[in-house]
Structures are given as structure tokens and as C-alpha cells.
Amino acid sequence: MADPKGFMTTPRQDWPRRPVEERVRDWNEVYVPGALLPIIGKQADRCMDCGIPFCHEACPLGNLIPEWNDLVSRDDWRAAADRLHATNNFPEFTGRLCPAPCEAGCVLAINQPAVTIKNVECAIADRAWEEGFAPPRPPERLSGKTVAVIGSGPTGLAAAQQLTRAGHTVAVYERDDRLGGLMRYGIPAFKMEKHHLERRLEQMTAEGTKFRTSTAVGRDIGADELRTRYDAVVIATGATAWRDLPVPGRELTGIHQAMEYLPLANRVCEGDLESSPLSAAGKHVVIVGGGDTGADCLGTAVREGAASVTQLDIYALPGAERDENAEPWPTYPVRLYRLSAAHEEARDLRTAPVADADARLFAASTLRFEGDVEGRVRSLHLVEVDARRRPVDGTGRTLPADLVLLALGFTGPDRRDGLVDQLGLELDPRGTIARDAAFATNVPGVFAAGDAARGQSLIVWAIAEGRAVAAAVDRHLTGSSTLPAPIGPYDRPMTV
């Protein structure tokens, strides 16, 4: 604690964003380059000597937040990077993509704006790369054991890196042509530029991890064949089975899932396409779903030049302050009005004149779609609903819609490749892969981690799952393990 009065004398200051008019003309990250380091030392000073740091409990990785805040405030970046990487394989990912439940659990947040933990984390990670504090860490010797990791999202990559560093020979299988899972093709570049991902992949390759892209296990290679070839298998395929919207008119052309739309825009940024076949340019766009994926669609549609963009959220407009009765500190307040970069852009550019706030219509439920004689969607009919999602009489309205994007979340692993059925994996009632207290499935030698087993969750939980399943696999292969296991398979975020 470098400044014992820092939390009283220094106000919260976040990493400033570039002007809206500038950033919507490109796909670069929304933040002002170089503007974080000049302010971050003072922001780290705001970390209190709180005695019991609830940020530890709020973060499933168990990040040593007060320690690296103190080190940053003292300008000891190498030590800060060491403490940060002790619990998190990919802090530059979480520093950009995690909604920061640690900040919701910050003791200062009881009656003041929380410490900018996420910004400090990002600053440490970026400084570590600039100063060479994150070199490859190949194992001193090999164990002779082999592991296949299926899926290269944050869970799969974290598990692979931990197991490689433990001395096992690890191969990561990815069905897409590039590595990264949703971080590659689901997350827009304006939230995280892909060079951050490439840098970590280069580090992992130097450490000895092998990668096999364009290989769908269950289709391009049999699941049983993979199981016999390796001593252990980790399934980290994510929860990519999307929810649909079974309302009249769903069959019309122009209605797509968010994860059909976002990957194409990312492929344009990768240079694979000149323009997206589903581009929003000149179209009236309606996004059904109020979560982060919907916001990603919003920011993408704005950059593509949509004529209008409206986002529908079935929940009522939340308040600007935490509801202490429903979501008391230190739980993460889900129902809180937040203005993401995409919503700020939509608000300033007035993409949705009918919206309640920024580009969003709250308490809105889709009734049906209507199309033209060629079978293309042209409008969306909605109604306002009450807290129990019952229609409110007299509140129906119609929105023009040339492109409708469904961002309604995911239910579990995609079974179309045949992986689940070929292995005979048991599923739990939610449709995710069942596992025991050691992350093991009903099939010997096969483990499951991340969203495929936990269900749709946050990136910080995905990395924690990857680290924990790596410890379980290491113990299975060698009889013991010194790898950290930050969470168990049944752990859940703090709730009331």
C-alpha cells in the first residue's frame, strides 16, 4: 500500500476511449493508445489496505490484486508481472474482455467507485510484453505422457499451456482455420486486436505446445482414434449450440444467429474477405438479445454502415446504482445500466431514434417477423412485457428490419461434429457435459472443462477452468500435481 490515503484523495479514472467519430471508422481497439500508463500508477494507489480483499473471492482465478496494485504504484513492473502471471495465463485477454467481477467485489466499491483493477491488469500485461517479462517457459524435461486438448478458446489454451509447462506433450485441436475460438472469430477486433492472441500463441509454440487447425474431432478425426492415441483428452469446445427464437416468420431470409454474423466481420479484418456476405451496410438492423454478444453485433453493424441499429432487451431498464437488496455487495450486479463502447457509439450517432437508452429497447419481446414477396425479412413486431415477461396491452410496435441478429446465448456444446456421441459422453440436465469432482467424464481418460461443461460463462471463469482441469489431468497422469487449481467443477460466482 504505497499511498494509505490514495483512495480518499484520488478519484477513479478509466482508460479513455477514442472519440466516437474517429473509432467507428476503423476496427482498432476503442481506447486511446498510450493513455493508460500515465494514469495507472495513481489508480493503483487507490487500492486500500482492506484486510480482507474480497476481490480475491470475486475473481475465480484468485488473482493477487492488492499485491500487484501495490507493485504498480511503486513502479516495480517486473514483480507485478510475476504476481499477475502466477494466477492468470492470459491477463491481456481478461484485461480487455472480462467484465471485472473483481471490481464489483472491491471493498472500496461499498460506497465509492471501485479500483480500476481491470485497467491495472491490462497495463501490467502490456508492459510485460514490451519489457520482455513474459518469455516462453518450456519444461526442463518431458514426462513421456501425451494429452489432446480439443478447442483453442481460453479454456483449451490455458489447459494446454499449464500441461506443456508441466512436461507433458500437448496437441491442441481446433476445427476452425485459425486458433483462438471465440476470441478469434466471435470477439470483434475493436474489443481486442488479434495481435494479442497471436503473441500468446507464439509463446505457447515456443514452449512446445502443438497445434492442429482445421481439424474437427468427430468429423475429420474420430473421437475414439484420438482417445487411443493420447494418454488423456481434454474437451474444451465451448458452449456453441445457440438458442433460437421460434416465432412466426423465423424462416425468412435475413434472420441470422450472431455467431453467423460476427465471424464473417472478423474474417474481413483478417483479410479473408473483401466484405461480409451479411454486411449491415445500408440496412435496418435489429438485434434480439441484450447481452455482450448483442453489443458486439451493435458495434460491428455501426462500423459496417448500417442505416439504423436497434437492440432488444427483454429485461426492464436497470438502474444506474446497484440494488443492494437484490444484488448486494460483494456480488456481481447483473442488473445494472452499463454503457459499453458500442452503446456509447450508438447513442452518440443516434442509430436507433426509438430506443429507450443508447440503442436499446428494454422490456421488449419479439412477437413475429414479416417479409416481402421474395421471402426476405422486412419488419419485426414486438410488445412490451412486465417483470414476469407477460405482454402489456397496447404496447405493440413495429420496427423496420432488413437484417435481424439473434444473440440469445448458448445452451451447451455443439453436437453436430459427433464428438459427444462418438465418445458416449453423459450430459447433465442442462445439456452440458457431465463430470465429477476431478473434471473427469464418464469415459476413462477424458476430461471436460470450460463452457462445454460449466455452461456459458465469463472468460475469467474459462481460464480458471483451464488451469484447474490441467491440475486434474496432471494428477491423473502422474499421481500427484503441483499445478494450481483455482476452482472446482461445482464452484459458482458469489450470489445472494
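Quick note: numbers below take in every heavy atom, side chains included, and nothing from hydrogens, waters or symmetry partners. Remember, predicted model here, so these are calculated numbers, not experimental data. Residue numbers run from 1 in the order of the sequence given.
For E174 and S152, the side-chain atoms include at least one donor-acceptor pair closer than 3.5 Å. With hydrogens and angles left out, the side-chain atoms of T87 and N63 include a donor and acceptor closer than 3.5 Å. For Y490 and R435, the side-chain atoms include no donor-acceptor pair closer than 3.5 Å. In this model, a donor atom of one side chain and an acceptor atom of the other lie less than 3.5 Å apart for N89 and Q161. A side-chain N or O of R178 and one of Y185 form a donor-acceptor pair less than 3.5 Å apart. At a cut-off of 3.5 Å, with distance as the only test, no side-chain donor of Y261 or D296 sits close to an acceptor on the other residue. A side-chain donor-acceptor contact under 3.5 Å links T94 and E121.
Side-chain contact check for L405 versus V285: some heavy-atom pair is nearer than 4.5 Å. In this structure the side chain of I433 never reaches within 4.5 angstrom of the side chain of E426, judged on heavy atoms. Using a 4.5 Å cut-off on side-chain heavy atoms (C-beta onward), R46 and L108 make contact. T300 places a side-chain heavy atom less than 4.5 Å from the side chain of W27. The closest side-chain heavy-atom distance from H256 to L264 is not below 4.5 Å. Looking at D272 and D177, their side chains come closer than 4.5 Å, going by heavy atoms from C-beta outward.
Just one residue in the list L406, L408, T411 forms a side chain to side chain contact (heavy atoms under 4.5 Å, CB included) with D244, and that residue is L406. Checked against C59 for a side chain to side chain contact (heavy atoms under 4.5 Å, CB included), the options N88, L64, V460 give a single hit: V460. For the side chain to side chain contact (heavy atoms under 4.5 Å, CB included) criterion with R96, the lone passing option out of M183, K118, M192 is M192.
For K283 and E304, the salt-bridge test fails: no basic side-chain N is under 4.0 Å from an acidic carboxylate O.
Separating the CG atom in N119 from the CZ atom in R12 is a distance of 7.0 Å, to the nearest 0.5 Å.
Under the 6.0 Å cut-off for aromatic ring centres, W15 and Y31 qualify, their centroids lying closer than that.
In this structure, R303 satisfies the cation-pi test against F190, with its NZ or CZ atom closer than 6.0 Å to the six-membered ring centre and inside 45 degrees of the ring normal.
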Could you go through the side chain to side chain contact (heavy atoms under 4.5 Å, CB included) check for E465 and I487 one step at a time? CA-CA 7 Å; E465 286 257 338; I487 60 171; 3.8 Å; yes

